[in-house]
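As structure tokens, the structure follows; a few thoughts come after it.
Every number for a ligand or one of its atoms is a count from 1 in the order of the listing.
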Amino acid sequence: MKSTKRESWTSKLGFILAAAGSAVGLGNIWRFPYITGENGGAIFLLIYLVAVILIGYPVLLTEMSLGRKSHKNPVGAFKAIARDNTPWWLVGALGVFTGFTILSYYSVIAGWSMAYIVKAANGFIAEADFAGVFVEHISGVGEPLLWHGVFMAITVGIISAGVVKGIQKAVKVLMPILFLLLVVLVFRSVTLSGAGAGLVYYLAPDFSQITAQTLNDAIAQAFFTLSLGMGAMITYGSYLSDDDNIADSAGYVLGFDVLIAILAGLAIFPAVFALGLSPDAGPGLTFITLPAVFAEMPLGALFGFLFFVLLTIAAVTSSISLLEVVVAYMVDEHQWERKKAAQIIGIVVFVVGIPPLLGYSALSDIQFLGMDILDTYDWFANSIFLPVGGLLTAIFAGYVWRTDDILDEINQGNSVLKIGVWFKIMIKYIIPPAIAVIMFVSIWQTFV
Ligand code: PFF
């Protein structure tokens, strides 16, 4: 049932940009390069691409269809399509919980990016010790806390205002600029002397490096980067009108998302090798390597400044989709007023984000399986919650909601891409066992 007050995207392009805005974010520019660096480079890139196309695309189609069919938040969507008195809505509830968890630490990292805007404006690009600057920043308390708060306040502000107009307009201008800036960075990075080793590392796969962990990290990254497994695309799909085509829209979102991630890797790895840094430096990789690339460029300070502005904006267009999942749930299912929901949830998310923020200072003694608190949040969200959410969504699509009905929903409207029987095969027979086995083995290996 469609309530009269529910917003709708005002154009097909508006939806694509908002969904691409959700997909393109810290996951592409911050997370993808460092996870690739921890998993042997090119081999990870290859498996990640396979995971995005064979697992990500069908799940993306399914989530958008679930949203459009029901015009509901994730919990409401599963309730609307499942038979009464079945517990499928719990998959939506897991998604809401996951969105909440991811946003809490996503905002901390976006806060680092905001702090780097100010640092760039103050001329830090001229300094030589970028690793030192990064460590000093994250092991502080006041500054990271301030920026975490500012970032959450911006996210709450946009979501309170309603999701459509502001975002649609802003994303249309900013995404192309981000793209161009990345191209400039790639150019500088690959022309540094000694960059060749980085290109080999990033583009020539070494198959001996594959482990269950590599596969699981690739699936996790595919879900994270496409905003899947937690209902964000269900929620955005719920604002989609009936004559938009899902197959094409999802294709654009995926294409743009993958392109930005590949470019981010091309900007980072050649520079990592040229500058004698280590590709497996972890979450600091982007924040340490890219300033070093800017330092090697004419007008580096200006480019550095611009880059962190755009990275922050890319983070905002993703964080709003994370918050929107939780807000849409409270508004639809518990009749909260939108503004109140955004503010209250925003405050709780801010507080839940404080432990990972302090994991580099006051709480640095707290470790889980050798990971700090932020990595622990990230591990639970990405290695467990998102794959489980995606797995259950695929099972739901394949065995509860009839796949013929989903295909009707996907292929509705004029489209270039026509989705056929391969979708049924993937969603029913390949995706669920693939995720289950890989996740099980990787978790087993983590603990044993
Ligand atoms: N896709 C975003 C990124 O790559 O940064 C992160 C994200 C947004 C994950 C929304 C999940 C989500 F629902």
Is the closest basic N to carboxylate O distance between [X] and [Y] below 4.0 Å?
X: Glu324; Y: Arg338; answer: yes
X: Glu333; Y: Lys72; answer: no
X: Asp378; Y: Arg31; answer: yes

[X] ring center near [Y] ring center (under 6.0 Å):
X: Phe294; Y: Phe303; result: no
X: Tyr116; Y: Phe305; result: no
X: His334; Y: Tyr329; result: yes

Are there any protein N or O atoms under 3.5 Å from the N or O atoms of ligand 1? List them with distances, or say none.
{"residue": "ligand 1", "atom": "1 (N)", "partner": "Ser22", "partner atom": "O", "Å": "3.1"}
{"residue": "ligand 1", "atom": "1 (N)", "partner": "Ala23", "partner atom": "O", "Å": "3.0"}
{"residue": "ligand 1", "atom": "1 (N)", "partner": "Phe224", "partner atom": "O", "Å": "2.8"}
{"residue": "ligand 1", "atom": "1 (N)", "partner": "Thr225", "partner atom": "O", "Å": "3.2"}
{"residue": "ligand 1", "atom": "1 (N)", "partner": "Ser227", "partner atom": "OG", "Å": "3.0"}
{"residue": "ligand 1", "atom": "4 (O)", "partner": "Ala23", "partner atom": "O", "Å": "2.9"}
{"residue": "ligand 1", "atom": "4 (O)", "partner": "Gly27", "partner atom": "N", "Å": "3.3"}
{"residue": "ligand 1", "atom": "4 (O)", "partner": "Asn28", "partner atom": "OD1", "Å": "3.4"}
{"residue": "ligand 1", "atom": "5 (O)", "partner": "Leu26", "partner atom": "N", "Å": "3.1"}
{"residue": "ligand 1", "atom": "5 (O)", "partner": "Gly27", "partner atom": "N", "Å": "2.7"}
{"residue": "ligand 1", "atom": "5 (O)", "partner": "Tyr106", "partner atom": "OH", "Å": "2.5"}

